[in-house]
Asks: 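Below: one structure in structure tokens.
Hydrogens, waters and symmetry mates play no part in the numbers below; they use all other heavy atoms, side chains included. As the structure lists them, so they are numbered: ligands from 1, and atoms in each ligand from 1.
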Amino acid sequence: MTLMRLIYASHPFGFDDLTLANILTTAQRHNAEKDITGTLICREDLYLQLLEGDREDVQALYEKIKRDDRHADVTILVQEVAAQRLFPAWAMRHDPAKSWMWTREQVSAGAVEDATRDEVLAIFVRLVAEQPGHLSGLPKSCPVARSRF
Ligand SMILES: Cc1cc2nc3c(=O)[nH]c(=O)nc-3n(C[C@H](O)[C@H](O)[C@H](O)COP(=O)(O)O)c2cc1C
């Protein structure tokens, strides 16, 4: 399998708690079946989703998501082969947009679409690093070092 990472941004259409809950329920069920993982960052003005999994499955899912009328202006920001998953334990995590991400003014001025690949990826890397229990810098294959924490 070729592990692929795809990150896109879009603008929610009809954003509310029920809509979001429905999206996440579907995502978690479908993604678990396909071994797709990732996270959906959301706010009234922004969806920013990272999808990772087998290339064909991720591409097929993206084609479906792109046509979903619960959002608009779907724009791919990162699409690449990945060495490893950033969210291996999450069929689809949900992350509310954080204060250190873009402001609403920046989003409406197009800052998300203008961001570089590294800037976009850094957002997700920071989310992973902020996870409780995250062992920053320790490789998974280093059980002795990990057990000290
Ligand atoms: C912002 C957003 C993110 C979504 N993320 C996923 C996802 O990760 N996995 C998924 O299966 N569907 C996701 N969906 C829902 C899909 O667009 C689609 O409705 C769902 O996969 C069911 O499609 P189907 O009935 O044709 O199988 C998302 C929709 C939106 C608007």
Asks: I'd like to check which ligand 1 atoms, numbered from 1 as shown, lie under 4.0 Å from a non-hydrogen atom of R70.
Replies: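 Matching atoms, with element in brackets: 15 (C), 19 (O).
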Asks: Among protein heavy atoms, which lies nearest atom 14 (N) of ligand 1, and at what distance?
Replies: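 Minimum-distance protein heavy atom for atom 14 (N) of ligand 1 reads I65 CG1, 3.9 Å.
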Asks: Taking only heavy atoms of M92 into account, list the atoms of ligand 1 that are under 4.0 Å away from them.
Replies: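 Heavy-atom distances to M92 below 4.0 Å select 8 (O).
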Asks: Report yes if S10 has an N/O atom closer than 3.5 Å to an N/O atom of ligand 1; otherwise report no.
Replies: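 No, S10 has no N/O under 3.5 Å of an N/O on ligand 1.
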Asks: Please check if the number of heavy atoms outside W90 that lie under 6.0 Å from its CH2 is greater than 12.
Replies: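 No.
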Asks: Donor-acceptor pair, H30 side chain versus I36 backbone, under 3.5 Å?
Replies: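 It does not hold such a pair.
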Asks: Quick one: does L51 get within less than 4.0 Å of ligand 1, heavy atoms only?
Replies: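 Distance cut 4.0 Å: L51 passes for ligand 1.
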Asks: Does one hydrophobic cluster hold both V107 and F15, with members joined at side-chain heavy-atom distances below 4.5 Å?
Replies: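 Cluster IDs for V107 and F15 differ.
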Asks: Note the single closest protein heavy atom to atom 11 (O) of ligand 1, along with its residue, its atom name and the distance in Å.
Replies: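 Atom 11 (O) of ligand 1 sits closest to the protein heavy atom H30 ND1, 2.9 Å.
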Asks: Is there a protein heavy atom at a distance of less than 4.0 Å from atom 25 (O) of ligand 1?
Replies: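 Given the 4.0 Å limit, the answer for atom 25 (O) of ligand 1 is no, no protein heavy atom qualifies.
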Asks: Any chance you could measure L127, atom CG, to W100, atom CH2, to the nearest 0.5 Å?
Replies: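 Going from the CG atom of L127 to the CH2 atom of W100 covers 4.5 Å.
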Asks: Side chain of S10, backbone of V74: donor and acceptor closer than 3.5 Å?
Replies: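 Side chain of S10 to backbone of V74, a donor-acceptor pair under 3.5 Å: no, none is there.
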Asks: Should T39 and L86 count as side-chain neighbours, where that means a heavy-atom distance under 4.5 Å?
Replies: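 No. Closest side-chain heavy atoms not under 4.5 Å.
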Asks: Please verify whether a non-hydrogen atom of Y8 lies at under 4.0 Å from ligand 1.
Replies: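 Contact present.
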Asks: Would a 4.5 Å heavy-atom cut-off, applied to side chains only, mark F124 and D95 as touching?
Replies: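 The answer is no; the side chains never approach within 4.5 Å.
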Asks: Considering non-hydrogen atoms of the protein only, which is the closest contact for atom 21 (O) of ligand 1, and what is the distance?
Replies: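 Nearest neighbour among protein heavy atoms for atom 21 (O) of ligand 1, to 0.1 Å: K64 CE, 3.2 Å.
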Asks: Measure Q49 to ligand 1 on non-hydrogen atoms and call it side chain, backbone, both or neither using the 4.0 Å cut-off.
Replies: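 It is the side chain that touches ligand 1; the backbone stays farther off.
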Asks: Using every non-hydrogen atom in the two residues, find where L46 and A9 come nearest and quote the distance to one decimal.
Replies: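 Minimum heavy-atom contact is CD1-CB, 4.4 Å.
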Asks: What's the shortest distance from atom 16 (C) of ligand 1 to any protein heavy atom, and which residue and atom give it?
Replies: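 Ranking protein heavy atoms by distance from atom 16 (C) of ligand 1, first comes D68 OD2, 3.5 Å.
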Asks: Any idea which protein heavy atom is nearest atom 28 (C) of ligand 1, and the distance to it?
Replies: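 Going by distance alone, atom 28 (C) of ligand 1 is nearest to I23 CG2, 3.7 Å.
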Asks: Does any N or O in the side chain of E80 come within less than 3.5 Å of the main-chain N or O of R5, such that one atom is a donor and the other an acceptor?
Replies: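 No: the side chain of E80 does not pair with the backbone of R5.
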Asks: I'd like to check whether Y47 has a polar contact with ligand 1, where a contact means an N/O of the residue lying under 3.5 Å from an N/O of the ligand.
Replies: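 Not met; the criterion fails.
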Asks: Identify the closest protein heavy atom to atom 7 (C) of ligand 1: which residue and atom is it, and at what distance?
Replies: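 For this ligand atom, the closest protein heavy atom is A27 CB, 3.3 Å.
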Asks: Where does N31 meet ligand 1, judged by heavy-atom distances below 4.0 Å: at the side chain, the backbone, both, or neither?
Replies: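 For N31, the contact with ligand 1 is made by the side chain alone.
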Asks: In the protein, what heavy atom is nearest to atom 12 (N) of ligand 1, and what distance, to one decimal place, separates them?
Replies: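 Of every protein heavy atom, L61 CD1, 3.9 Å lies nearest to atom 12 (N) of ligand 1.
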Asks: Would you compute the distance between atom CG of L6 and atom CD of Q79 and round it to the nearest 0.5 angstrom?
Replies: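 Answer rounded to 0.5 Å: 5.0 Å.
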Asks: To check your reading of the model: name the closest protein heavy atom to atom 20 (C) of ligand 1, its residue, and the distance in Å.
Replies: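 For atom 20 (C) of ligand 1, the nearest protein heavy atom is T26 CG2, 3.6 Å.
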Asks: Distance alone, cut at 3.5 Å: any donor-acceptor contact between the side chains of T19 and D16?
Replies: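 There is such a pair (donor and acceptor under 3.5 Å, judged by atom type) between the side chains of T19 and D16.
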